Participant: 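My questions will all concern the structure given below.
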Amino acid sequence: MDNESQYSGYSYKSSHSRSSRKHRDRRDRHRSKSRDGSSRGDKSVTVHAPGEPLLDAESTRGDDRDDNWGETTTVVTGTSEHSVSNEDLTRVSKELEESSPLECKRFLGPVLGGCLGLFALFTPLAFLVLPQLLWREALEPCGTPCEGLYVSLAFKLLVLLISSWALFLRPPRATLPRFFVFRCLFMVLVFLFVASYWLFYGVRVLEPRERDYRGIVEYAASLVDALLFIQYLALVLLEVRHLQPAFCLKVVRTTDGASRFYNVGHLSVQRAAVWVLDQYYRDFPVYNPALLNLPKSILSKKMSGFKVYSLDENSTNNTNSQSRAMIAAAARRRDNSHSEYYYEEAELDRRCRKRKARLVVAVEEAFTHIKRLQDDDPAASSPKHPREVMDPREAAQAIFAPMARAMQKYLRTTRQQPYHSMESILTHLQFCITHNMTPKAFLERYLSPGPTLQYQRENGRGRHWTLVSEEPVTSALRQGLVFSLRRLDFSLVVTVQPLPFLRIGEEFIDPKSHKFVMRLQSETSV
Amino acid sequence: MSFIPGQPVTAVVQRIEIRKLRQGEHLILGFSIGGGIDQDPGQNPFSEDKSDKGIYVTRVTPEGPAEVAGLMMGDKVMQVNGWDMTMVTHDQARKRLTKKNEDVVRLLVTRKSLEQAVKHSMM
């Protein structure tokens, strides 16, 4: 809520960014490009304290639309009188990210579940051991059947242990806003179950000091059996049920309309959100805010058509007709903007392709300068021209120089330069050289925008998304449900549609029934 | 009219001269043809030998130039203006008949009744 009101209040400022976009370009070249992931709106400040939401909203202002907004706009901020420059903001928020303690809520669930699991696992052993400890001499000796029970008990416990480790002890990948209903259900079930067993044990065995040891062992074995069945139920409900696809989710990104369709099974809204985000990081091309704006020339024409001033109050008739004429002229002029847009797009396309051609040629040429040194290649280099042997990093630096300019120009034309710093390009070049990649493989990363995951830094804090939904987030998916996942400057809108019911019929074709005849006599009238 | 491969075909023919009629910008003859080496000979209702792939007249429009000239339904066309019609495709036959620069087509046609008429007259 805090986020919303503050964020929407500053959306008008983006209109000022277009005038200072060239400042931003120049600035980007000089500034070190190490903040590739941080200011793209993918900031991951997880907000807890009330003071922090303000910082979060302020950091959205620091996105790459406008860097020197502090100088060009007069905005009364809710936080401070003097304007804070953008570098300070990012520096401060970065420090905040690194210094804030690890979020404990993330590990609460698994820890609780782990404790409960251990408790449940040690209970049968306790059942067996306690009578031996407390009234050993009074127990009836138990022969072969007991041994059989011991062995089966041991193996069942082992199976329980291994499968619990394999299925449930995984690091959680997301923290959900509400409780995970099924998981809570299971923990409660297991707890009640084990507690009732302990209750009966205490009343029937410990108090009267039961002497039939075989009965006690059978009691423990039945507990383990029941635990195995509960685990089976957990497996089915938590893992298997949502594997069969039942719904088709359409995910649309609000800023540029990139959309995908996914098939999911029966999930709750929050689990579906986590699943969608997993796919989002892999499938969607990275969100590039620089690509969204219409070219300046078109919009300036559009806007300049409507400036109508009425300076004189008395001669309203005159100004009315004048303004009407102006609006009519503006409307006529406005009709050309689509053709302007078309030509501008074509021009941009052409420029992009020209730069791309230059880049490809430069990279190809650069790659011909080096080759891998074979082990049995000593005779090739004569003693008069000793070849300098380089490691991949040096080789990359050596061939980077001729292609640097072409690369920079291309990245600037496609507005990708915030994502690729010189350092990252060098690292990628080194990587490609080490793995014997061709120039085309090296360029694959730059010629098309990759998935968002490719541009993420390693971040232990995680990404903060907000799930916005009209239904409670633990309700199951059903037809017509719409929820959205909001990020700082864009959001993903998800629509749910059930998969159609398929009626598949059968038709048998005898392989001998494939016969052909000539076509009917054609008759032509002359 | 049976056709033995390799042997010359002999038939009694009638010479029919049809003057094309101009209708709009088309020159029409007033009949329809069927058959050809690329068609199915078994479907031909007029041929005696169902493996005969010749060109047959399937329909004659009443009061058309063909009827006036004496062409009858079921006739087999053997020649058109000197061009052979016994071993042509359907489309080639159509083209030979509908040449735009010819006003008159001279057909050689044969039918069953011709043979019988000749036989009767010889006896």
Side-chain angles (χ1 to χ4, degrees), chain A residues 244-245 248 250 257 259-261 263 298 328 331-350 352-354 356-357 360 440 447-448 497-526, chain B residues 16 18-21 23 26-47 50-62 64-67 69 71 73-75 77 80-81 85 88-100 102 105 107:
Chain A
Q244 190 184 29
C248 184
K250 177 173 181 179
S259 70
R260 294 278 185 285
F261 286 85
N263 280 358
I298 296 172
R332 270 198 298 274
R333 227 180 327 152
R334 201 165 41 129
D335 281 340
N336 277 337
S337 66
H338 59 268
S339 66
E340 303 245 349
Y341 176 60
Y342 168 70
Y343 285 118
E344 184 82 28
E345 282 273 294
E347 175 68 31
L348 191 71
D349 211 15
R350 202 175 60 86
C352 189
R353 271 196 292 223
K354 223 170 28 163
K356 176 179 163 181
V360 169
K440 205 163 170 183
L447 291 181
S448 56
Q497 214 185 354
L499 289 175
F501 181 75
L502 304 167
R503 283 198 195 90
I504 300 190
E506 179 200 344
E507 187 180 323
F508 173 70
I509 295 187
D510 186 7
K512 290 208 244 330
S513 69
H514 297 294
K515 297 204 185 304
F516 293 91
V517 287
M518 294 280 276
R519 255 192 294 179
L520 292 176
Q521 284 249 332
S522 44
E523 196 183 319
T524 321
S525 57
V526 292
Chain B
I16 293 186
I18 307 180
R19 222 157 254 294
K20 291 194 188 177
L21 179 67
Q23 218 182 49
H26 301 292
L27 285 168
I28 62 162
L29 290 160
F31 65 99
S32 300
I33 53 166
I37 54 177
D38 56 343
Q39 306 283 317
D40 182 11
Q43 307 234 2
N44 193 343
F46 306 109
S47 60
K50 288 304 171 190
S51 62
D52 187 2
K53 293 192 176 179
I55 305 286
Y56 281 80
V57 175
T58 55
R59 212 166 39 92
V60 179
T61 54
E67 193 180 17
L71 193 65
M73 195 165 79
D75 289 351
V77 178
V80 170
N81 282 348
M85 283 282 153
V88 290
T89 65
H90 190 89
D91 209 38
Q92 281 171 343
R94 179 190 61 83
K95 280 187 192 154
R96 300 256 169 79
L97 284 165
T98 53
K99 285 215 181 328
K100 286 214 165 90
E102 289 171 357
V105 287
L107 314 177

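So you know, we letter chains A, B, ... as the sequences are listed, proteins then strands, and number each from 1. Being a predicted model, the structure only gives us computed values, none of them experimental.
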Participant: Got more than 12 heavy atoms from elsewhere within 6.0 Å of CD, A/E347?
Facilitator: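 Yes, the 6.0 Å shell around CD holds more than 12 heavy atoms from other groups.
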Participant: Around atom NZ of B/K50, are there more than 12 heavy atoms from other residues, nucleotides or ligands closer than 6.0 Å?
Facilitator: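 Buried by this count: over 12 neighbours within 6.0 Å.
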Participant: Identify which of B/L27, B/T61, B/L29, B/I28 forms the greatest number of heavy-atom pairs closer than 4.5 Å to chain A.
Facilitator: B/L29
Participant: Would you compute the distance between atom CZ of B/R94 and atom CD of A/E523 and round it to the nearest 0.5 angstrom?
Facilitator: 14.0 Å
Participant: Please classify the contact between B/L97 and chain A as side chain, backbone, both or neither, with a heavy-atom cut-off of under 4.5 Å.
Facilitator: side chain
